[in-house]
2 protein chains.
Amino acid sequence: MSHSEIRNMEEFAAISGISRPTVSKYFHDPNSVRKSTRMRIEAALEKYDYRPNIYAMNQNRKLTKNIGIVVPYLADPFFGEIVRMIEGRCIEAGFTPSLFSSHGDQAHENDILDSLRSMKPAGVLLAPLGRQSDKTAIETFCKHVPTVLFDSNIEGMGEAFVGSDNHSFVSQTVEYLSRTGESPCFFEMKTPANPNANKRRIAYLSMMERLGLEPHVIKIDGTGWGFEEIGRQGGLKILAEKSLPTNTVLCSNDRLAIGFLAACYESGVRVGRAPGCELRVASHDDHPFSRFTCPSLTTAAHDYNAVSDHSVETLFRLIESGGRFENRTESLFPARLIMRESA
Amino acid sequence: MSHSEIRNMEEFAAISGISRPTVSKYFHDPNSVRKSTRMRIEAALEKYDYRPNIYAMNQNRKLTKNIGIVVPYLADPFFGEIVRMIEGRCIEAGFTPSLFSSHGDQAHENDILDSLRSMKPAGVLLAPLGRQSDKTAIETFCKHVPTVLFDSNIEGMGEAFVGSDNHSFVSQTVEYLSRTGESPCFFEMKTPANPNANKRRIAYLSMMERLGLEPHVIKIDGTGWGFEEIGRQGGLKILAEKSLPTNTVLCSNDRLAIGFLAACYESGVRVGRAPGCELRVASHDDHPFSRFTCPSLTTAAHDYNAVSDHSVETLFRLIESGGRFENRTESLFPARLIMRESA
DNA sequence: TAGTAAAATTTACGCGGGTAAAATTATGAT
DNA sequence: ATCATAATTTTACCCGCGTAAATTTTACTA
């Protein structure tokens with residue numbers, strides 16, 4: 001039975017027959033006290049379910065054991081997966097992750113950075129909105145809080161960036177598609193939310209040039225983070241116009257592709273590499289749902305594990321280095337081509 | 001230029017020429033101080049970007065302005081959407097939401113409840129794992145923290161439950177399907193993660209009985225939260241066996257249906273209500289992706305807005321009532337049938 | 001313009017724990 | 001057993017803010 005009359009560390013220390021500061025040390029690192037002391041404290045913990053007041057603990061700490069994790073859009077399961085991995089690593093290392101989603105909104109992102117600052121986190125893993133981000137706000141934030149950017153790079157901000165190598169993504173898909181059929185046209189949003197999109201377009205163009213093929217970029221309308229619907233509308237329009245320059249479409253990302261595939265289905269266009277199909281569709285990201293599209297989506301996969309692991313490790317190194325690196329590093333991980341039925 | 005030499009509220013108060021407790025009042029509620037005072041403080045805030053230490057603020061507060069939000073599985077965009085709405089409402093009301101995902105793991109759920117307790121939140125909105133939840137842990141938690149359960153009910157726990165009326169979901173789909181074609185069989189996991197699944201099966205059985213139709217429940221193998229893959233594997237098996245009792249399949253939830261549709265596509269089974277289709281498929285939830293399946297999925301939609309609004313409002317009432325209600329209430333919102341192409 | 005209630009501000013004290021420096025205890029070689 | 005040294009524990013003081021009670025100011029009535 002737990003007699004929870006214990007109100008504070010003072011009382012708990014008294015009951016376990018140890019001075020409060022020693023108990024305090026114990027809670028910061030159980031191995032920093034003598035074994036006999038540790039055992040007495042742990043015996044007392046069994047009887048009285050005391051836990052230190054985290055607010056009092058953090059009040060005087062220059063920096064806490066918290067780690068902030070910020071993603072741009074949590075309704076995208078891609079980020080759900082990343083978050084799960086990152087949270088796990090942080091907890092293993094004895095940190096307390098706090099999760100935030102900007103929900104695709106600049107003002108919200110800024111608010112998050114604001115409350116994050118008052119949280120005095122040991123460090124922050126920030127996947128910014130990208131084009132919609134308030135660069136000044138992010139820059140200011142990074143000056144005050146040790147920050148590692150991930151997923152979406154903003155030139156010069158944060159102490160490091162960890163993400164995927166967009167060129168690796170696109171070169172693999174373009175090479176594969178060109179080798180096995182007509183060369184691909186590139187399907188993307190006119191005003192992409194994210195700098196990765198620009199890098200992918202550039203990679204497409206340079207890859208096509210290298211292969212001596214004529215590039216075709218199809219830019220569709222739409223703003224915001226509802227990529228599937230944007231891809232669907234764009235797809236419906238293009239299919240109705242029959243304006244596709246080739247029978248192979250390479251989408252900038254899987255969410256657009258999911259919408260585009262829906263448009264194909266609605267328009268009665270058979271997609272796939274099987275005989276009898278009119279169109280091949282491929283994409284990038286290996287979105288959690290891409291294996292369940294109809295047909296299943298050929299795509300270039302992020303190395304989820306490598307990106308999350310390396311982000312977290314980089315942040316830990318940053319924290320140990322006192323919050324600053326000599327010079328900003330960018331770590332890019334290559335893609336892995338996932339061949340499925342759509343191309 | 002912001003001269004951020006300000007270290008604490010004392011210094012900030014001195015510089016703005018006001019006593020510290022008055023400044024404290026201001027930060028608690030800007031309208032609680034005289035207008036002239038408020039303007040002086042805000043003028044000072046412009047010059048010196050001081051922000052109160054949240055840890056010191058919360059240390060002495062009996063209950064903070066924090067609200068905990070816990071969902072079972074954040075890689076499911078359904079919860080991403082819900083979270084977005086709930087967070088918005090909390091911020092509007094001047095609370096600070098803290099988001100947690102159990103990631104489908106009991107130990108993780110318990111850890112979250114643990115750190116949530118030491119956070120002294122004003123209240124918690126908890127969507128439990130369901131069958132996998134540690135009932136004892138949740139019960140203990142609810143005794144200490146004002147909690148409203150949502151999405152997934154656990155009998156008697158929390159001060160209230162807000163969710164969807166499973167009977168409304170299933171009765172509408174069953175009625176529609178039976179009226180427009182063959183009566184549906186019910187497709188579900190053998191050991192569902194979530195109590196809603198059981199309620200849906202029961203609703204299916206009772207509805208079929210009421211309509212004088214013979215019920216068929218198909219139970220497929222698989223555990224965990226990868227519902228799409230479970231639905232796909234189950235679908236492939238059943239389609240290979242050709243053991244479907246009717247040409248109409250009603251899936252327990254959209255994520256299973258997404259997998260089932262993928263299995264149909266792979267097996268060459270044409271799905272839809274259009275002529276020439278062999279199979280009709282419908283489901284429940286109106287998952288964010290259900291409009292992008294091929295064919296688009298006929299489903300019963302949650303009233304996302306009503307559920308999130310009412311959850312939050314219930315929690316606010318609970319907080320104002322001092323954390324306890326006279327008796328536990330359960331609020332269930334009806335579904336809206338969304339007719340798309342799959343059935 | 002005085003008088004008074006209401007609002008705002010200040011005084012004074014406490015909260016729960018961090019942490020440097022002092023005091024104590026354990027370790028181990030002589 | 002002794003003494004030096006390292007490892008632990010305790011002493012003592014501080015942090016940054018909340019808040020009840022006392023005081024002052026403001027607003028309003030007569």
Side-chain angles (χ1 to χ4, degrees), chain A residues 4-45 48-66 94 96 115 117-122, chain B residues 4-45 48-66 94 96 115 117-122:
Chain A
S4 43
E5 325 106 11
I6 311 294
R7 300 233 148 269
N8 55 37
M9 197 180 278
E10 193 80 57
E11 286 183 28
F12 178 77
I15 271 179
S16 31
I18 297 169
S19 76
R20 186 183 61 69
T22 301
V23 174
S24 169
K25 276 196 75 176
Y26 168 85
F27 278 110
H28 278 305
D29 177 7
N31 292 317
S32 67
V33 303
R34 199 173 302 159
K35 196 167 153 194
S36 61
T37 315
R38 180 167 65 247
M39 286 173 64
R40 282 163 68 194
I41 293 178
E42 275 159 4
L45 272 178
Y48 313 89
D49 76 331
Y50 163 76
R51 68 191 69 200
N53 180 318
I54 54 166
Y55 298 108
M57 287 181 71
N58 287 327
Q59 168 180 356
N60 297 320
R61 262 200 192 310
K62 191 75 181 171
L63 85 182
T64 66
K65 273 288 196 178
N66 298 329
T96 306
S115 50
R117 274 188 62 182
S118 53
M119 238 184 222
K120 299 182 183 180
Chain B
S4 43
E5 324 106 12
I6 311 294
R7 302 232 149 269
N8 56 39
M9 196 181 278
E10 193 79 56
E11 287 184 27
F12 179 77
I15 270 178
S16 32
I18 297 170
S19 75
R20 186 185 58 73
T22 301
V23 173
S24 169
K25 277 197 74 173
Y26 168 85
F27 279 110
H28 193 12
D29 176 8
N31 292 318
S32 67
V33 302
R34 198 173 302 159
K35 195 168 154 192
S36 61
T37 314
R38 181 165 64 246
M39 287 174 64
R40 283 162 68 195
I41 293 179
E42 274 159 4
L45 271 177
Y48 314 88
D49 75 331
Y50 162 76
R51 67 194 67 202
N53 180 319
I54 53 165
Y55 299 107
M57 287 181 70
N58 286 326
Q59 169 182 349
N60 297 321
R61 264 198 194 313
K62 185 75 180 171
L63 85 181
T64 66
K65 273 288 195 176
N66 297 329
T96 306
S115 51
R117 272 188 63 183
S118 53
M119 239 185 221
K120 297 182 183 178

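Lettering of chains follows the sequences in order, A, B, ..., and the numbering in each one begins at 1.
- Contact annotation: B:S32 side-chain N/O to C:dA8 OP1/OP2 distance is not under 4.0 Å.
- The phosphate of C:dG18 (OP1 or OP2) has a side-chain N or O of A:H28 nearer than 4.0 angstrom.
- Spacing between atom CZ of B:R51 and atom C1' of D:dC17 amounts to 17 Å, rounded to whole angstrom units.
- Residues A:A56 and B:G17 each lie close to DNA chain C; by heavy-atom proximity, the contact nearer the 5' end of the strand is made by B:G17.
- As a whole-Å value, the separation of B:M9 CE from D:dT19 P is 11 Å.
- Considering only side-chain atoms of A:T37, the nucleotide from D:dT19, D:dT8, C:dG16 that sits closest is D:dT8.
- Nearest nucleotide to the side chain of A:P21, out of D:dT9, C:dT19, C:dA12: C:dT19.
- The CZ atom of A:R40 sits 9 Å away from the P atom of D:dT9 (whole-angstrom rounding).
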Please walk me through it: do B:R38 and B:N31 pass side-chain contact (heavy atoms from CB on, under 4.5 Å)? CA-CA 8 Å; B:R38 181 165 64 246; B:N31 292 318; 3.7 Å; yes
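- Each of C:dT9, C:dG17, D:dT10 was ranked by its minimum atom distance to the side chain of B:V33; first place goes to C:dT9.
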What do the steps show when you test A:Y55 against B:M57 for side-chain contact (heavy atoms from CB on, under 4.5 Å), and what is the final call? CA-CA 8 Å; A:Y55 298 108; B:M57 287 181 70; over 6 Å; no
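- With hydrogens and angles ignored, a donor-acceptor pair closer than 3.5 Å exists between the side chain of A:Q59 and the base of D:dG16.
- For B:H28, the NE2 atom is loosely surrounded, since the number of other residues' heavy atoms within 6.0 Å does not exceed 12.
- Comparing atom distances between the B:S19 side chain and each of C:dG17, D:dT9, C:dT9 picks out C:dT9 as nearest.
- Taken to the nearest 0.5 Å, the CD atom of B:E11 stands 5.5 Å off from the CD1 atom of B:I6.
- Side-chain atoms of A:E10 and base atoms of C:dG16 include no donor and acceptor less than 3.5 Å apart.
- When distances are taken from the side chain of A:R20 to each of D:dT10, D:dC13, D:dC17, the shortest belongs to D:dC13.
- The separation between B:R34 atom CZ and C:dA6 atom C1' is 11 Å, rounded to whole Å.
- Here B:S24 does not reach the OP1 or OP2 of D:dT19: none of its side-chain N or O atoms lies under 4.0 Å away.
- Of all nucleotides listed (C:dG16, D:dG16, C:dT10), C:dG16 comes nearest to the side chain of A:N53.
- A:I54 places a side-chain heavy atom less than 4.5 Å from the side chain of B:M119.
- Rounded to a whole Å, the CE atom of A:M57 is 15 Å from the C1' atom of D:dC15.
- Look at NZ on B:K25: it is 14 Å from C1' on D:dT24, rounded to the nearest Å.
- Residue A:Y50 places at least one side-chain N or O closer than 4.0 Å to OP1 or OP2 of C:dG17.
- Here the P atom of nucleotide C:dT19 and the CZ atom of A:F27 are 16 Å apart, to the nearest Å.
- B:K35 has its NZ atom 16 Å from the P atom of D:dT26, to the nearest Å.
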With a cut-off of 3.5 Å and sequence neighbours excluded, list every side-chain donor-acceptor pair involving residues 16-27 of chain B.
from: B:S16; atom 1: OG; to: B:F12; atom 2: O; distance (Å): 2.6
from: B:S16; atom 1: OG; to: B:A13; atom 2: O; distance (Å): 3.4
from: B:S19; atom 1: OG; to: B:T22; atom 2: OG1; distance (Å): 3.0
from: B:Y26; atom 1: OH; to: B:E42; atom 2: OE2; distance (Å): 2.9

